Participant: 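Mind having a look at this structure? Questions to follow.
Atom set for the values below is all heavy atoms of this structure, side chains included, hydrogens, waters and symmetry mates excluded. Please read all numbers here as calculations on a predicted model, not as lab measurements. Each ligand, and each atom within it, is numbered from 1 in the order the structure gives.
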Amino acid sequence: MQNNHKPAPAIIIIFGGSGDLTKRKLIPAFYNLFLDKHMPDQFAVIGLGRTAYADDEFRALLREGIDSFSRRGKAQDEEWQQFAPTLSYLQSDINDEKSYKALTARIHALEKNWEQKPNLIFYLAIAPELVEPVATHLGNAGICKNIDRSRLVVEKPFGRDLETARKLNGVLTGIFDESQIYRIDHYLGKEAVQNMLVFRFANVLFEPIWNRKYIEHVQITASETVGVEDRGGYFDGAGTLRDMIQNHVLQLLCFVAMEPPNAFTSEDIRNRKVDVLRAIRRFEGKEIFEKAARGQYGGGWMQGEKVQGYREEPKVAKNSATDTFAALKFYIDNWRWQGVPFYVRSGKRMTEKMTVITVQFREVPHQVFPSSVAENIRPNRIIISITPDTGIRLRFQAKQVGLSMRLAPADLIFNYSQTYEAQPPEAYETLLHDVMSGDATLFMRSDEVEAAWSVVKPVMDLWEENPPTDFPNYQSGSWGPEAAERLIAADGYHWVMMPV
Ligand code: BG6
């Protein structure tokens, strides 16, 4: 995120090369970086997978992925012909040492003819249980010994709870230096998320009021319209608390709540985020039931189509207790935020897809205008919208046009797509460019991941000990269970639903 320069030559090795993530996200991202001239002057991508593919078959598969999923649409022949030769495939068994020997030989054969020794980027686009064995094999093979030139990229989920995350961190940091490990949270690659740092720390306007004195509460909504689709096998053992709140939502919260970093460096920024995670109050025992609401979608109607409930989805247990919705209330115990509630919620099969942060300010300390002209007055509010539209909306009071004095709320709107002509890069483009450039700012450090798990742990534990009795408790196409409304209404507020 810091530079616009071309990264040094790199060989990118993708474990899970024939999988969905590679096809939908990684290769389209590399291709767009290539078209925008952000790839290194020399690079190669090696896909590893169990299935046998000739290089040409592999390339054809990846081109289909670009055609279907790239933000630019279909690949053009001429450009594709330049890109395709950089891709190759190696059939492999990731549990077999021989595959790592073959990989090492392939890397050596490639780099032999390169002027500059390339960086090696090992991307683990594989099931979580395979991360440890692959990392161990890579360690044994000795191809990632050079700390400055080799990097490991790990996809989420990073562990399934605090203990497993700690164990995995232990294994990985036993093989790699922490600076070599890039733990991906794709939300951090989103333009609007990065813009929050600029909005807060490159303007003099907001920081002085960004605290408990002026802010009444904060809300974060990350709602989706999709159900679990074909990911039941993974999701049914996870749930929304693990899948969305522990990572994406807490990361957004960190950006809202963090103290200004001393400098724009990965360590400073991540230190400040860890401070937030550590300061989040851990609720205990039954109190958690008042601070957290869970839900699971039943059948319903989505855009005129009848859809089935979560328990009817493929690879989901018929009596599943997995949460497809979670809402929580947090407090951050520090000087800036003492007493300010942060409400967060995320769910599948909800009315709309949106990721929105609402910062609700307090009322003016003294009302100058008589209530007869100020009956519509509303406290200030800043809405930061990440999806569907990317932008910021600031609500303030204005005088309505006319001879008499009447007040009404008005909005100042900054909308990315209207302000900038350029199409924003996909999150994966930003993140992959950062990995190639060696910039870890937008990746989670081991202590950050563990701190995030420790925030959700008490809730996870209590929910597991007390299985829900009312699932499914919200209809597909709704805004989630009633318990989530009660959670925020108990404090006299309601969830804000206003995209930019
Ligand atoms: C992923 C989750 O990390 O994020 C998915 O595993 C979820 O369950 C997805 O659908 C949402 O991402 P986005 O970018 O579409 O909001």
Side-chain angles (χ1 to χ4, degrees), residues 16 19-22 24-26 28-29 68-71 123-128 131 153-161 165 182-196 220-253 255 294-297 302 307 310 313-316 320 322-326 344-357 384-390 416 424-432 442-444 449 452-453 456 476 480 499-500:
D20 228 34
L21 184 75
T22 307
R24 281 170 179 257
K25 296 285 184 193
L26 304 184
S68 315
F69 304 111
S70 167
R71 66 179 162 88
Y123 199 112
L124 308 192
I126 46 180
V131 170
V153 187
V154 188
E155 272 289 334
K156 69 172 273 272
F158 196 87
R160 70 178 312 276
D161 52 25
Y182 288 70
R183 299 172 190 81
I184 286 231
D185 182 317
H186 78 277
Y187 268 50
L188 299 189
K190 296 187 186 225
E191 283 287 309
V193 177
Q194 296 167 64
N195 188 46
M196 282 170 64
I220 302 177
T221 292
S223 60
E224 299 185 86
T225 49
V226 289
V228 71
E229 301 187 302
D230 55 359
R231 296 168 69 228
Y234 148 71
F235 192 88
D236 208 34
T240 294
L241 188 57
R242 287 188 170 90
D243 183 53
M244 292 290 292
I245 306 277
Q246 183 271 344
N247 37 74
H248 307 324
V249 173
L250 282 181
Q251 287 295 318
L252 298 179
L253 188 147
F255 277 97
R294 57 184 154 175
Q296 186 188 78
Y297 64 83
M302 304 276 311
V307 291
Y310 176 70
E313 302 276 24
K315 299 200 197 129
V316 168
S320 171
T322 299
D323 48 293
T324 63
F325 175 98
V344 307
R345 63 175 175 166
S346 179
K348 296 202 180 286
R349 279 278 168 75
M350 294 175 67
T351 320
E352 264 176 56
K353 160 113 185 135
M354 65 178 192
T355 308
V356 176
I357 298 166
I384 300 167
S385 171
I386 293 150
T387 34
D389 290 323
T390 309
Y416 261 71
E426 285 270 348
Y428 272 96
E429 292 170 41
T430 303
L431 296 174
L432 291 172
L442 298 177
F443 297 83
M444 289 186 292
V449 174
W453 277 119
V456 294
S476 285
V500 171

Participant: So for F235, does at least one of its heavy atoms come nearer than 4.0 angstrom to any atom of ligand 1?
Facilitator: no

Participant: Taking the side chain as every heavy atom from C-beta outward, state whether L252 and V344 have any pair of such atoms under 4.5 Å apart.
Facilitator: no

Participant: How far is atom 10 (O) of ligand 1 from the closest protein heavy atom, and which atom is that?
Facilitator: E224 OE1, 2.5 Å

Participant: Checking a contact table here: which protein heavy atom is nearest atom 16 (O) of ligand 1, and how many Å away?
Facilitator: Y187 OH, 2.5 Å

Participant: Between ligand 1 and T355, can you find any atom pair, the residue atom being a heavy atom, that is separated by under 4.0 Å?
Facilitator: no

Participant: Just wondering, do W453 and Q246 contact through their side chains at under 4.5 Å, heavy atoms?
Facilitator: yes

Participant: Under a 4.0 angstrom heavy-atom cut-off, which atoms of ligand 1 come close to K190?
Facilitator: 13 (P), 14 (O), 16 (O)

Participant: Please work out which of K353, H248, K156 has its closest non-hydrogen atom nearest to atom 13 (P) of ligand 1.
Facilitator: K353

Participant: Which residue and atom name correspond to the protein heavy atom nearest atom 12 (O) of ligand 1, and how close is it?
Facilitator: H186 NE2, 3.2 Å

Participant: I'd like to check L253 versus I220 (side-chain heavy atoms, cut-off strictly below 4.5 Å). Are they in contact?
Facilitator: yes

Participant: Identify, by atom number and element, the atoms of ligand 1 in contact range of K348, meaning under 4.0 Å from any of its heavy atoms.
Facilitator: 5 (C), 7 (C), 8 (O), 10 (O)

Participant: Could you check whether D243 pairs with K156 (Lys NZ or Arg NE/NH1/NH2 to Asp/Glu carboxylate O, under 4.0 Å)?
Facilitator: yes

Participant: Give me the ring orientation class for Y187 and H248: parallel if the planes are under 30° apart, tilted from 30 to 60°, perpendicular past 60°.
Facilitator: parallel

Participant: Indicate the ring-plane relationship of Y310 and F235, choosing parallel, tilted or perpendicular according to the 30° and 60° boundaries.
Facilitator: perpendicular

Participant: How far is atom 8 (O) of ligand 1 from its nearest protein heavy atom, and which residue and atom name does that atom have?
Facilitator: D243 OD2, 2.6 Å

